[in-house]
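Quick caveat: nothing in here was measured; it's all calculated off a predicted structure. Numbering of ligands and ligand atoms starts at 1, following listing order.
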Amino acid sequence: MVDATVGQGGHSFLFGKRLGPQGTLVGLDVDSRSLERAEKQLADLVCRVVLVKSNFADIAARLSELDLRRVDFILADLGLCSAQLADDQMGLSFQADMPLDMRIDASLETTAADIVNEYDEEALADLIYAYGQDRASRRIARYIVRRREHERISTTGQLADVVSGALRRPGGRRSRIHPATRTFQALRIVVNHELDNLHALLTAGARLLRPNGYIAIISFHSLEDGMVKRDFKQNERDGLYRLLTRKPMVADPREIAANRRARSAKLRIAQRN
Ligand SMILES: C[S@@+](CC[C@H](N)C(=O)[O-])C[C@H]1O[C@@H](n2cnc3c(N)ncnc32)[C@H](O)[C@@H]1O
């Protein structure tokens, strides 16, 4: 099996325990610190464990290097681990003031600060609208451009402050989520090419699965979930997949109480014909 987002190895450990010594578990991650944590977590499994620092968009090339042509299971749990959100080098959180970076893969060149300080106002507004689905995108972009005329926006705190300022309405109702949530999501998607990577994984997945093999994707926002849904449906129409989840599976209230981030998780599973 391939865990395309091995992270801390939590899922891999549970699946790996069910694989015997003949089984192979391949874990991919773009973040070397995630791989270090996964290595410890998976040390006692009896199956063969191969951890590779790689973008899951390149899953086919990685498997071919390992002489694995087909697999029985592909799992992806998209997005970020809590450890990454808290990592003050990654600059992903507005809860703390961090350098405005957002690269999960340190070898990428463009940071969120580069985008925020260099894109023109229209391009900023377009990306906040397209990837953050924030209807106030034009106003947010205007505030960003106004602020950067005085100072470079180089921390998550500065950006969160500008966005909050753009969305503040005197006497207005407080939103359930932090006002900067959508802008941060948009920048993270663009910095890490998240939708392109997912598209590549979904395309490769159908070719790599053995008959009766499974692909299971957990996503955390509607842009990703929509892509997974459309891809699985198209593959069903083409006779390649059977859908095991017509509607996505979601966490129950007990799980959400134990892990707040699970509230937006959606799991879809398909089986290869
Ligand atoms: C939500 S965490 C996965 C947690 C994991 N399921 C566990 O049980 O510990 C997502 C992981 O995917 C990684 N990741 C995100 N985008 C990736 C990509 N395009 N290719 C490979 N790994 C990626 C992140 O670095 C992070 O470690």
> CD1 of I140 to CG of L167: how many Å apart, nearest 0.5 Å?
Replying inline: 4.5 Å

> Side chains of R70 and R207: does their closest heavy-atom pair fall under 4.5 Å?
Replying inline: no

> Contact residues of ligand 1 with a heavy-atom cut-off of under 4.0 Å?
Replying inline: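 Residues near ligand 1: A4, T5, V6, G7, Q8, G9, G10, H11, D29, V30, D31, S34, S54, N55, F56, D77, L78, G79, L80, C81, Q84, I104, N197.
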
> In a check of side chain to side chain contact (heavy atoms under 4.5 Å, CB included) between F184 and each of V163, I189, T156, L92, which one passes?
Replying inline: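 Testing each of V163, I189, T156, L92 against F184, the sole residue satisfying side chain to side chain contact (heavy atoms under 4.5 Å, CB included) is T156.
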
>> Run the salt bridge (charged side-chain N to carboxylate O under 4.0 Å, His left out) test on R230 and D225 for me, step by step, so that the C-alpha distance in whole Å, both residues' side-chain angles and the decisive distance to 0.1 Å come before the verdict.
In response: CA-CA 9 Å; R230 285 190 297 278; D225 183 54; over 6 Å; no

>> Ignoring hydrogens, what is the shortest heavy-atom contact between G79 and R188? Give both atom names and the distance.
In response: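 Where G79 meets R188 most closely, the heavy atoms are CA-NH2, 4.0 Å.
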
> For the residue pair A76 and L201, what are the closest heavy atoms and their distance?
Replying inline: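 Heavy atoms of A76 and L201 come nearest at CB-CD2, 3.8 Å.
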
